[in-house]
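Input: a single structure, listed below in structure tokens.
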Protein chains: 2
Amino acid sequence: MNRKSKPIFKPYKKSSAHKYVSEMLKDYIISGVYSPGDQLPTEIELSQALGISRAATREGLRELESLGLITTVQGYKGGRFVKKINSDIILNGLDLLIKTQRASFDELMEARKAIEGITSKMAALNRSPENLEVMAKVIDLRVDSKEEFYRKTFELHEIVALASQNRVLYYIVQAIRKLIFQTYANLTLEENDVELVMKNHYDIYNSIKNRDPEAAEKAMINDIEAYRKLYLEVIKNKQ
Amino acid sequence: MNRKSKPIFKPYKKSSAHKYVSEMLKDYIISGVYSPGDQLPTEIELSQALGISRAATREGLRELESLGLITTVQGYKGGRFVKKINSDIILNGLDLLIKTQRASFDELMEARKAIEGITSKMAALNRSPENLEVMAKVIDLRVDSKEEFYRKTFELHEIVALASQNRVLYYIVQAIRKLIFQTYANLTLEENDVELVMKNHYDIYNSIKNRDPEAAEKAMINDIEAYRKLYLEVIKNKQ
DNA sequence: TTACATATTAATGTCTGACATAATTACGAT
DNA sequence: ATCGTAATTATGTCAGACATTAATATGTAA
């Protein structure tokens with residue numbers, strides 16, 4: 001939405017001012033009045049339109065920022081901008097949950113295996129030809145750089161989850177995977193390990209291509225289990 | 001933690017003031033310096049200890065509130081209190097995700113079936129005798145009130161997820177179930193429906209008791225699928 | 001003595017207006 | 001043409017005042 005074609009901002013009466021600001025803007029973002037990339041009115045415009053002080057308006061905007069709905073940019077041409085929503089919006093909460101509950105690495109990996117196994121199974125049933133094409137592009141892991149290896153690995157898992165055609169599961173899988181990679185350091189793999197991962201990825205691709213859900217689930221679980229073991233070895237060697 | 005035995009609050013230097021407040025307190029909450037139920041210092045105490053204005057301190061506290069880590073109580077004996085963390089902390093994000101992505105009821109139910117099916121399967125392998133005891137208490141659904149019926153239904157699903165012994169899956173299941181019940185109205189069930197749900201619950205209980213993972217998964221999926229169909233019928237009749 | 005109405009108290013909630021900081025853009029001197 | 005500097009415009013922070021809220025303490029009438 002253009003900054004100039006503003007929606008209607010009704011002055012608030014009851015309830016708390018900061019909450020009024022965040023709730024109203026949240027509704028506008030959810031309903032699509034503001035789209036990702038759009039700039040919100042400035043603090044002063046908002047506060048004047050609503051008849052709320054700038055301080056209370058800022059508190060409301062902070063809430064939205066904390067929820068992951070907007071970003072803040074200071075300076076000339078700065079302002080508040082609506083974010084593109086993705087799995088990051090549950091990542092924060094999941095992270096807090098796991099940290100405060102002291103959930104273990106194994107618990108997280110078990111959850112990942114279970115859910116990503118399901119998406120792999122569903123992908124075998126629901127995958128489109130386009131999904132397969134993208135997968136084919138990222139299963140050759142004989143690459144030069146470590147980064148390239150990780151990028152391709154990440155993309156395969158992403159496209160499998162996407163191919164399940166279930167966005168709820170897709171976002172949950174993405175959040176869990178991101179959480180694992182941001183919490184636990186990446187591995188440095190040996191030559192043998194690369195071979196193994198590549199074989200596993202090929203198995204996943206092949207069973208999804210052949211529309212074999214059971215094989216697809218099994219292959220995915222194998223792949224993640226292999227990663228788990230590799231990671232635990234790294235940990236052991238570090239001690 | 002007692003309000004009087006305060007942790008150390010180092011005055012901030014760089015980065016933003018409000019962020020310093022929220023990050024610092026978040027770390028204290030995660031690391032257990034503050035436990036659920038504990039009261040944080042008042043805004044004035046905090047701002048004075050950190051050398052930050054009250055306005056900026058409040059913004060930081062709002063962020064924590066928005067994340068779901070603290071609650072705010074106004075008035076005498078009011079203040080900021082650390083919340084007990086549960087699945088609610090991802091519920092918000094999941095809700096936003098589904099609303100903005102316009103994910104369908106069916107997509108959500110598919111996800112629920114898949115994940116809750118898994119927890120049921122895992123419960124059959126990992127359940128404790130205590131888990132079984134609690135389940136036994138809630139599978140008789142021949143009750144007077146609608147509320148009692150819903151309470152028992154909710155508790156059975158809760159204890160099954162808990163019996164999987166995987167807290168990550170448990171919280172995800174809880175969040176999805178809460179989301180479904182808060183987004184889509186509850187059903188009004190006929191006599192026949194109650195019989196059906198009760199049979200399904202009994203199947204779930206029995207297969208978990210017998211440590212039969214495949215049967216447990218199937219029974220859970222049946223139960224949720226039945227709920228989905230009942231709900232869709234209600235929708236159809238309303239039109 | 002008890003019960004109800006009222007005052008006190010201590011926290012958050014809100015407002016105002018000023019100044020600080022950041023980052024893009026415009027401009028001017030070399 | 002380029003580099004450095006000033007202007008612009010958004011958010012960031014501050015200080016101090018007053019409003020609101022809700023538990024508690026107090027006082028008064030039945």
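Side-chain atoms are counted along with the backbone in the values below, which use heavy atoms only and exclude waters and symmetry mates. To find a chain, count down the sequence lines: A is the first, B the second, and so on, and within it residues start at 1.
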d(NZ, K19(B); P, dT21(C)) in whole Å: 19 Å
Pair Q39(B)-Y34(B), side-chain donor/acceptor within less than 3.5 Å: no
Y76(A) atom OH is separated from dC27(C) atom P, nearest whole Å, by 10 Å
Among dT12(C), dA10(D), dA22(D), the one nearest T42(A) by side-chain distance: dA10(D)
Decide whether Y170(B) and Q165(B) meet the rule of one side-chain donor and one side-chain acceptor closer than 3.5 Å. no
Calculate the interatomic distance between H18(B) atom NE2 and dC14(D) atom C1'; express it in whole Å. 14 Å
For E43(B) and dA15(D), what is the distance between atoms CD and C1' respectively, to the nearest whole Å? 15 Å
Please collect all salt bridge (Lys or Arg N to Asp or Glu O under 4.0 Å) contacts where either partner lies in residues 69-83 of chain B, sequence neighbours excluded, each pair once. E43(B)-R80(B)
Interatomic distance, K77(A) NZ vs dA26(C) C1' [rounded to whole Å]: 12 Å
Interatomic distance where CD1 belongs to I44(A) and P belongs to dC15(C) [whole Å]: 15 Å
Run the salt-bridge test on E23(A) and K19(A) with the 4.0 Å N-O cut-off and return the result as yes or no. no
Whole angstroms only, please: what is the CD-P distance between E63(B) and dG12(D)? 10 Å
Select from V73(A) and R62(B) the residue whose nearest nucleotide in DNA chain C is closer to the 5' end of that strand. R62(B)
Would you please say whether a donor-acceptor pair under 3.5 Å links the side chains of E63(B) and S22(B)? yes
According to a strict under-4.0 Å criterion, is R58(A) in side-chain N/O contact with OP1 or OP2 of dT16(C)? no
L61(A) CG to dA10(D) C1', in whole Å, measures 13 Å
Side-chain donor/acceptor of Q74(B) to base of dT20(D), under 3.5 Å: yes
Between G75(B) and S53(A), which is nearer to the 5' end of DNA chain C once each is assigned its nearest nucleotide? G75(B)
Phosphate-side-chain proximity, R80(B) and dA10(C), N/O vs OP1/OP2 below 4.0 Å: no
Both E59(B) and R54(B) contact DNA chain D. Taking the nearest nucleotide for each, which residue is further toward the 5' end? E59(B)
